[in-house]
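All values derive from a computational prediction rather than experimental measurement.
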Amino acid sequence: MSIRCVALVWLLGALTPSLAWADNPLIVEAALDREVAAPLLDAFEEAYPRIQLTFRDHSTLEVDARVADADDPPDVVISSAMPWQMSRVNEGYAQRLDSTAAREWPEWAKWRDEVFGFTFEPIVMAYRLDLSRHMMPPKTHADMHTLLTQHRETLRDKVATYSPSRSGVGYSLFQQDARYTTRFWDLVAAMGAADTNLEANTRAMLEGLSEGRYWLGYNLLGSYAMVWAQSHPEVIVQVPQDYSLVMMRMAFIHRDAPHPAAARAFLDFLLGREGQRVIAGETPLFSVRSDVEGPYTAQRLRDQVGERLYPIPLNASLLAFVDPSRRTAFMERWQREFHRLSHPAPDQSAAATESPIRPDALAAVRRPGYGVVLPTNDSPDDME
Amino acid sequence: MRLLVIEDDPLIARSLDQALTPLGNTVDVFTHYAQAHEALQSGQFDLVLLDLGLPDGDGLSLLAELRRRGDTTPVLILTARDGIEARVEGLDLGADDYLAKPFSLAELEARVRALLRRSQQRADNRLAFGPLAFDAASGVATLDEQVLDLPRRELLLLEGLLLHAGSITPRETLENRLFGFGDVGSNALEVYISRLRKRLDGSGLRIRTFRGMGYRLEEVSP
Amino acid sequence: MIEVEGSLKARLAVWLVVTVSALGVLLLVEAYFSSQRAAERAYDSQLEAAALTIAEAIQWEKGQPVVEIPSAALQILATRHQERVFYAVLDADGHTVSGNLDLGISPDWRRRVSSQPTWLNDSYHGTQWRLYGRELDSAGWETQDPVQIWVGHTMSGRDALTETLFEHAVTRFVIMVLLAGILMLLAMRVALAPMRRLRHQLRQRDADDMRPLEARVPEEMREMAETLDSLFTRQREGREALLRFTADASHQLKTPLAGLQTTSELALKSDSPDAWRQALTEVHGSAGRTSRLANQLLSLARLRHAVEASATSRIDAVALLHETAFDWAQRDASQAHDIGLAPLPASPQYIQGEVWALQELLGNLIDNALRYTPAGSVITLGAVNHAQTLELYIEDDGPGVSPEMLAHLHHPFERGGRQDTEGSGLGLAIVDSIVRRHEARMQVESAEKGGLRVRLLFPCLTRHEEG
């Protein structure tokens, strides 16, 4: 990056409060709960009072669709559907961010200096306090499998996890799980045998736990679960002790951003010390930067959980998750495994509720055969 | 006549003095540049004999200064410098004649006489050589003060010879003078020469023939 | 006149700079392209590996190819430089089995790939892509239709690697040039050492030291050293000749001076005015001869040892002859002789020469004729125009010279076997020198009337040279 650009960014930053952003709109398209993100947005508006921030909170599907909307492109795109974000960047929808914060951002949390993972959200298990009266609550994936096998009847219909077909995040998490161990499919089979409920988002699982419908939840977004647990003492959050996936919310500046300067300011704020400090202190999103203090930092999480945190790698391998045939294959296997141990294998029509591919849905999103496929009935991965 | 001799060698200076004074001249001798310079500024001379190698200066610069002042006094250069360049330079600067050392006194006297005569002729518009004289204004020639009654061509011939008296008058010059540029018989001039010779017989003057070159009016050697 | 024109070092440096720059430009261009090729090879092999990895994952189900894109393949494609990646698996009809971007694989490309694996460069949305396609024979149970695998990525890694490799090449080249420059300076110091030695030696020589050089020099300097040596030799010879001449000359001068001394001494001892007169007459005559001798010696020395040739010019030889004849005819010394001019050519005859030398030449010949012939002799000067040469001649009707003496006449102090005249014998030697300076020829022969005839044959200036 040239010195001129550095100077320009610095200059813009320096002029910020007085005149630079006077009446500057900024459109952020995000799959991020406004309530969760509120402190962050407030802090930004305080720092850049002249920027008129429009924060649109949508599902990952809608966010992804808006990226390709040539007529009204957003300035900044934020989503937790990592493979889909990655795919958009690979298609060239992002523009490079040249700034000190971007350069200093850890390599493992950015791609091409175009897209940045700015949160560090562990994937957790959660159980209802009642569970411990019946059995040892699980601490690891193996524990989970053992419990499902040994207490299948007790747990029948009491377990909840993401639906891989209805949730992009859930799908990504299972793909990632499957990459780490083949025993994952035993877990899927065990969950299937226990008639596990497949939910579209973490909030639904947490509500089920609080209401007593569910005793055990698998692969919840830790950020939301931890906040929930604070106000719902009956819910216990367990970070898996063998390994815990970590999801990052990815943000990039749209290639055709109508307000690129404001977009750069926003992203710089997200990646900067102030934004990360807010994330660490006032949101459960966990900051990535190691130089900020607060209850929610990646560093603190590491100190608590140890080195068993497995961030989903922010690299080209994510693109494989959105490959249509790979997705088809994965979903077929999911169906097979999910029903393997249960009563007679369901016929095709019964499985249709979990059918991964709906050709009409594909057609609606993309040209056939190319690019990213999103489940059509996905809902925001946020607590709503 | 008043002569200025500028010569640093005392032997030569004395010889010059002794040779030129008996010819009826007043001779001033200076041995240094500075003295000569002063003398030239104050006095009028009829002829300057200039040695180039002076102990305190170059004779040529003295000559140059003289001519710069517009002084046309005849200058005879005497020098031991044996270079054609020095000679050419001297003549270029306005010297009238040039004599290289060593020279014979007879040669020197002849040159001095010629130079004085020339300057004299320039002064009074009258040609004279020995007893012979010719007044260009009136066209009258005299020998020993006696008017010579001469035909026109003989008079022209006499004047031509007198103009170069002491040196050879080229034959072509005389032929042009007498006959114009028209073609003329080879011995036509010789006819008039022999007539003039007869008239000069016994006057102490004679006309000598130089084969292929011309004629010279000269005094009969004693 | 020694003119300093640059230095050897500067000259060599300029040569080095020019050649090295020219060579350097070529080398750097070559280096750039080879860097590019190297980067291309390195990254092309990644494309190949990615394609192979995808090929591994292709399976056939119900006669249809099915592929579960391996993450590893995409990571290989992305490389360290986080390239944007493209992949596509096409069936036999060109339909996409799996893929992520629509880069528009044309039928033409598919045909090329069907014969052999192909690399392509293509631009897509303003970004340069490198694509690789290969065909895979199907091994399914139901079908043998081939599938094509296409992979590609953007080129920032290649550009970066090219840049790095090129930078290394440039650095190596610059270091090499610097080293070569230093080595050249050192080599020049070493190579020029013999020259410095020679210079030192020459500087230490005495001004009049004309001995041959004693120095060790390399082959390249031999010629210069030998030239210097021969220069020394010539100077030595010239100086020896001058010394001999000076010795001869002073010997020649001593003789008349001795005569002067003895004559004046005798006269001083005598009381007789007649004896004084006699002695003074002799002294006068001898002084005249001596000064003439001195003049001639000086002329001869100047002619023989003149270093700088005076500027020559185009001279009308007839006019010169005319003028010289007039000059001499009027001198006191000539009055006893009949000097005359033969009829001259009517038009000017030009030769190349020096006026003063030619006057000296003619003067000496006239002087000789005056001295070696009895009073009353007829001396005639003339000019004859032959086609290519102009002849100036002087002849007399004197006693002449015997045929055997004719050949030796132009040696200094040779008097044609005569000791009875006032001459020094230098006249013809001077004449000879001047004749040679003018590239003319001199012929001395007996005249028809019995005297001597000296013919000078000058090359005429052609019309072209006159221009």
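The neighbour count for Tyr180(A) OH, taken as heavy atoms of other residues, nucleotides or ligands under 6.0 Å away, is above 12. Counting heavy-atom neighbours within 6.0 Å of Arg196(C) CZ, excluding the residue itself, gives a total above 12. Within 6.0 Å of atom CH2 in Trp15(C), 12 or fewer heavy atoms from other residues, nucleotides or ligands are found, so the atom counts as exposed in its surroundings. Within a 6.0 Å sphere centred on OH of Tyr32(C), other residues, nucleotides and ligands contribute 12 heavy atoms or fewer. The local environment of CD in Gln128(C) is crowded, with over 12 non-hydrogen atoms from other residues, nucleotides or ligands closer than 6.0 Å. The local environment of CZ in Arg333(A) is crowded, with over 12 non-hydrogen atoms from other residues, nucleotides or ligands closer than 6.0 Å. Within a 6.0 Å radius of CZ in Arg197(C), more than 12 heavy atoms belonging to other residues, nucleotides or ligands are found.
Within the 4.5 Å cutoff, no side-chain heavy atoms of Asn90(A) are placed close to those of Phe86(C). Looking only at side-chain heavy atoms (C-beta outward), Gln82(C) and Asn315(A) stay at 4.5 Å or farther from each other.
In this structure, CZ on Arg84(C) lies 10.5 Å from OG on Ser87(A), to the nearest 0.5 angstrom. Rounded to the nearest 0.5 Å, atoms CG (Leu74(C)) and CG (Asp323(A)) are 8.0 Å apart. Taking CD of Glu68(C) as the start and CZ of Arg327(A) as the end, the distance is 13.0 Å to the nearest 0.5 Å.
When atom types are taken as modelled, the side chain of Arg326(A) and the backbone of Val67(C) share no donor-acceptor pair closer than 3.5 angstrom.
With hydrogens and angles left out, the side-chain atoms of Ser317(A) and Ser71(C) include no donor and acceptor closer than 3.5 Å.
Only the side chain of Thr154(C) comes within contact range of chain A, with at least one heavy atom under 4.5 Å from a heavy atom of that chain. Of the two parts of Phe321(A), only the side chain, counted from C-beta on, holds a non-hydrogen atom closer than 4.5 Å to a non-hydrogen atom of chain C.
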